[in-house]
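Written out below as structure tokens is the structure these notes cover.
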Amino acid sequence: MRTINKDVTGTHLERWLVPALILIFCAAAYFLTTDFERMPPILKRGIQPSDFPQLIAGLIAGLTILMMLRDPVITGNRISRVNWATIGLLPVFAILTAIDFFLALAVTATALAVLWGERRGRILLLVGVAVPVAVFLLFDQLFRIRFPRGILTSLWYG
């Protein structure tokens with residue numbers, strides 16, 4: 001007989017722990033961006049350096065609150081191997097970021113796609129190459145945000 005955890009309304013620690021950690025992370029990220037230097041209006045091309053990370057932190061916080069209210073967490077299931085492997089990719093991403101952010105993005109995105117069950121080569125190529133290139137071009141050309149130099153970005157910036 002399978003038992004179902006009927007208490008999904010919030011009395012268990014797990015119900016609130018992950019959203020609370022996400023909200024703490026968002027608050028810390030937002031706070032860190034308040035120290036970014038502001039561009040003088042005459043030099044400003046696009047958004048201020050702090051605007052985009054603050055927007056993303058606010059979006060993540062808002063979606064987390066919405067998740068807490070609309071989609072209660074059901075506890076009692078063990079974390080699967082795929083989830084642990086996904087968590088394990090975070091240090092890989094951090095290490096590769098020291099070499100080049102877009103190399104890290106390509107490798108991590110492709111690894112996640114394979115880990116989550118994608119086997120089609122075209123899709124993996126799209127995720128591993130086309131998406132990082134599109135992200136780079138979006139930020140570099142549209143938002144005029146230059147990325148730290150790495151192996152791949154040095155090829156573009158010269």
Side-chain angles (χ1 to χ4, degrees), residues 17-74 77-158:
L17 181 62
V18 172
L21 291 175
I22 293 171
L23 292 173
I24 289 169
F25 172 80
C26 289
Y30 190 93
F31 176 74
L32 288 173
T33 63
T34 60
D35 284 342
F36 288 3
E37 289 185 32
R38 308 263 326 152
M39 295 290 292
I42 197 161
L43 297 176
K44 184 178 158 190
R45 295 180 308 186
I47 62 175
Q48 291 288 341
S50 62
D51 292 345
F52 187 75
Q54 288 175 352
L55 176 69
I56 295 298
L59 178 66
I60 292 171
L63 290 173
T64 300
I65 292 168
L66 186 64
M67 178 191 73
M68 290 169 46
L69 298 174
R70 305 277 321 245
D71 189 20
V73 176
I74 299 173
N77 298 333
R78 292 194 164 267
I79 296 177
S80 71
R81 289 182 189 174
V82 172
N83 290 353
W84 281 117
T86 300
I87 293 167
L89 279 175
L90 185 60
V92 172
F93 180 78
I95 290 167
L96 288 175
T97 300
I99 299 169
D100 188 276
F101 175 75
F102 290 96
L103 176 65
L105 182 60
V107 169
T108 306
T110 304
L112 281 174
V114 169
L115 192 60
W116 293 345
E118 184 57 59
R119 300 292 180 253
R120 295 171 291 180
R122 288 184 201 167
I123 301 297
L124 293 174
L125 192 62
L126 181 71
V127 167
V129 176
V131 171
V133 167
V135 167
F136 177 79
L137 291 175
L138 173 73
F139 282 90
D140 186 66
Q141 298 297 305
L142 185 64
F143 296 141
R144 305 269 188 229
I145 296 173
R146 289 185 60 95
F147 290 95
R149 293 210 177 236
I151 293 171
L152 299 175
T153 50
S154 289
L155 293 173
W156 178 263
Y157 294 139

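All of these numbers come straight from a predicted model, not from anything done at the bench.
Of all non-hydrogen atoms in A61 and C26, the two that sit nearest each other are N-SG, 3.8 Å. Pairing each heavy atom of V127 with each of A113, the nearest pair is CG1-CB, 4.4 Å. For I99 against L103, the heavy-atom pair with the smallest separation is CG2-CD2, 4.1 Å. Residues G88 and P91 come closest through the heavy atom pair O-CD, 3.1 Å. When all heavy atoms of G128 and A106 are compared, the closest pair comes out as O-CB, 2.9 Å.
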Any chance you could lay out the side chain to side chain contact (heavy atoms under 4.5 Å, CB included) test for V129 and T110, step after step, and finish with the verdict?
-> CA-CA 9 Å; V129 176; T110 304; over 6 Å; no
Derivation of the side chain to side chain contact (heavy atoms under 4.5 Å, CB included) call for W156 and V133 | CA-CA 11 Å; W156 178 263; V133 167; over 6 Å; no
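Note that the CD1 atom of I60 and the CD1 atom of I22 stand 8.5 Å from one another [nearest 0.5 Å]. L96 contributes atom CG, which lies 14.0 Å from atom CZ of F102 (distance to the nearest 0.5 angstrom). The CG atom of L115 lies 14.0 Å from the CH2 atom of W84; values are rounded to the nearest 0.5 Å. Rounded to the nearest 0.5 angstrom, T64 OG1 and L21 CG are separated by 10.5 Å. One finds the CG atom of L112 at 10.0 Å from the CZ atom of F93 (value rounded to the nearest 0.5 Å). In this structure, CG in L63 is found 13.0 Å from CE in M68, a value given to the nearest 0.5 Å.
Side-chain atoms of T153 come within 3.5 Å of backbone N or O of P148 as a donor-acceptor pair. At least one donor-acceptor pair under 3.5 Å links the side chain of R119 to the backbone N or O of V114.
Ring pair Y157/F136 is tilted by interplanar angle, where 30° to 60° counts as tilted.
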